[in-house]
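Notes for the one structure printed next.
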Protein chains: 2
Amino acid sequence: MAEPTVHVVDDDEAIRDSMTLYLKSMGLNARTYASAEEFLAVPEPARPSCLVADVRMPGMSGLELQKLLRERGSSMPIIFITGHGDIVMAVDAMKEGASDFLEKPLDNSLLLERILENLEKDADTQQKEHRQSDAGEHLARLTAREREVMDLLVEGKLNKVIAAELGISVRTVEAHRARVMEKLGARSLSDIVRLALSAR
Amino acid sequence: MAEPTVHVVDDDEAIRDSMTLYLKSMGLNARTYASAEEFLAVPEPARPSCLVADVRMPGMSGLELQKLLRERGSSMPIIFITGHGDIVMAVDAMKEGASDFLEKPLDNSLLLERILENLEKDADTQQKEHRQSDAGEHLARLTAREREVMDLLVEGKLNKVIAAELGISVRTVEAHRARVMEKLGARSLSDIVRLALSAR
DNA sequence: GTGTAAATTGGTATTTATACCTATACAAAG
DNA sequence: CTTTGTATAGGTATAAATACCAATTTACAC
């Protein structure tokens with residue numbers, strides 16, 4: 001597993017510096033960005049990661065950054081920090097999937113605790129996503145016809161039923177079925193079913 | 001599906017009355033409770049339901065009520081309302097799985113909107129939970145031996161392999177397998193696999 | 001056009017699973 | 001003691017899947 005990293009996005013240089021100093025003193029990898037735009041400009045960080053972002057910043061706000069990341073499909077945990085937040089803002093952020101919402105002035109040990117929680121959670125998330133994308137890649141290797149046959153197979157239909165539904169011979173279904181098993185590295189029907197279910 | 005119902009828990013009678021009046025005028029079923037204790041005293045409400053609870057109340061607080069319900073395994077959506085809340089309180093509630101956190105004075109149309117969202121979401125949740133408990137009940141009907149056979153079956157093993165592993169004849173495995181299919185109402189192996197996976 | 005991947009179909013033999021049937025042994029519950 | 005449920009095992013016949021083999025057609029890219 002890659003080195004866990006904390007990504008700090010805040011327009012206030014003093015905060016960036018002190019936070020980085022603190023996190024590094026606690027043995028954590030930390031990177032800083034002066035704006036949401038700067039964070040988005042770098043290649044997607046390796047996981048497990050945790051984003052610590054100010055809500056109010058010149059340019060793109062922390063909440064807009066969150067929205068963009070989620071649309072982009074990133075599930076990176078986000079801890080918001082704010083000097084002048086209110087309940088509505090906090091609740092909205094949480095509903096959009098923020099992990100936490102802390103007020104300045106920051107309690108460093110509290111922040112660290114939350115960061116560690118989220119790094120751990122993200123490691124699990126990453127594993128799960130990895131399994132899913134593995135399954136997805138395997139499925140992507142199937143041709144359209146093979147995929148059709150597999151879907152019907154997963155529904156529990158017999159080769160002869162599949163053949164009838166697709167208007168082809170049982171022999172052809174058998175051929176496709178064998179190819180599906182081979183491409184997916186499955187040794188039994190239950191492997192196929194599990195793979196199909198885990199991929200969605 | 002049962003009638004969707006809103007459960008209002010607030011110690012302020014004026015708020016209970018006005019909210020009930022409003023919700024009923026909008027065609028919703030509403031029940032009121034003067035305290036968390038009173039809500040807990042009644043039998044668990046039918047779903048889909050949505051709980052609207054004040055945070056600060058004499059006796060048990062709204063947040064304590066939420067904690068208790070979650071421990072009890074209830075997934076009922078909860079909308080908190082509060083007159084003197086702060087960010088920490090709201091964030092904690094959201095992290096514990098609250099659906100929303102609104103401040104008094106309440107905007108009735110906003111509240112209604114959130115309630116409707118949550119009733120809809122709860123209908124889905126209920127369906128999902130129903131399927132899961134169905135699966136669980138079916139599995140509970142199996143004898144220990146049948147369950148053993150089923151587990152190996154789900155792992156993709158052939159009858160003869162199962163027979164060897166359990167030290168019994170293939171015939172017996174076939175008998176158990178047939179009983180499993182019958183008890184679970186499964187028409188194919190993939191039904192079994194799906195059921196086994198959805199039950200955990 | 002030529003080549004490649006995909007989809008299609010067939011033969012044969014073997015292995016598995018299924019659908020019926022019956023039957024014995026044992027333990028717990030009535 | 002009898003009944004019920006469970007686990008065990010077998011017979012027979014059919015249906016289905018698998019493991020090998022080989023072949024034709026079609027569509028798309030180079």
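Proteins come first, then strands; the chains are lettered A, B, ... in the order of their sequence lines, and each starts at number 1. Quick note: numbers below take in every heavy atom, side chains included, and nothing from hydrogens, waters or symmetry partners.
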Can we say [X] and [Y] salt-bridge, meaning some charged N sits less than 4.0 Å from an Asp/Glu carboxylate O?
{"X": "A:D12", "Y": "A:K104", "result": "no"}
{"X": "A:K121", "Y": "A:D124", "result": "no"}
{"X": "B:R171", "Y": "B:E174", "result": "yes"}
{"X": "B:R179", "Y": "B:E182", "result": "yes"}

Do other residues, nucleotides or ligands put more than 12 heavy atoms under 6.0 Å from [X] [atom1]?
{"X": "A:R114", "atom1": "CZ", "value": "yes"}
{"X": "B:K95", "atom1": "NZ", "value": "yes"}
{"X": "A:E120", "atom1": "CD", "value": "no"}
{"X": "A:K128", "atom1": "NZ", "value": "no"}

Quiz item: How far apart are the C-alpha atoms of B:R141 and B:E137, what are their side-chain angles, what is the distance that settles it, and do they pass the salt bridge (Lys or Arg N to Asp or Glu O under 4.0 Å) test?
Solution: CA-CA 7 Å; B:R141 286 206 198 121; B:E137 282 166 28; 5.5 Å; no

Q. For B:G97, does its backbone N or O pair with a side-chain atom of B:R70 as donor and acceptor, under 3.5 Å?
A.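 Checking the backbone N and O of B:G97 against the side chain of B:R70, a donor-acceptor pair under 3.5 Å is found.
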
A correct 5'-to-3' footprint of nucleotides 3-16 of chain D, with B, S and - meaning base, sugar-phosphate only and no protein heavy atom under 4.0 Å, is ---SSBBBBB---S

Contact string for nucleotides 21-28 of chain C, one letter per nucleotide 5' to 3', B = base within protein heavy-atom range under 4.0 Å, S = sugar-phosphate only, - = neither, reads --------

Would you call the rings of B:F101 and B:F80 parallel, tilted or perpendicular, where under 30° means parallel and over 60° means perpendicular? tilted

Contact list (N/O, under 3.5 angstrom) for nucleotides 21-30 of chain D vs protein:
none

Angle separating the five-pair end axes of the helix from C:dG1-D:dC30 to C:dG30-D:dC1, nearest 10°, is 50°

Quick one: [X] [atom1] to [N] [atom2], roughly how many Å, whole number?
{"X": "A:M181", "N": "D:dC20", "atom1": "CE", "atom2": "P", "result": "13 Å"}
{"X": "B:K157", "N": "C:dA17", "atom1": "NZ", "atom2": "C1'", "result": "18 Å"}
{"X": "A:M150", "N": "C:dA6", "atom1": "CE", "atom2": "P", "result": "16 Å"}

Under 3.5 Å donor-acceptor pairs involving side-chain atoms of residues 146-154 of chain A, not counting sequence neighbours:
unit_1	atom_1	unit_2	atom_2	d
A:E146	OE1	A:T143	N	2.9
A:E146	OE1	A:T143	OG1	3.3
A:E146	OE1	A:K183	NZ	2.9
A:R147	NE	A:D151	OD1	3.4
A:E148	OE1	A:R145	NH1	2.9

Exercise. Could I get the full list of side-chain contact (heavy atoms from CB on, under 4.5 Å) partners for B:L158, not counting sequence neighbours?
Key: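 Partners of B:L158 by the side-chain contact (heavy atoms from CB on, under 4.5 Å) criterion, ordered by chain and then number, come out as B:K160, B:V161.
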
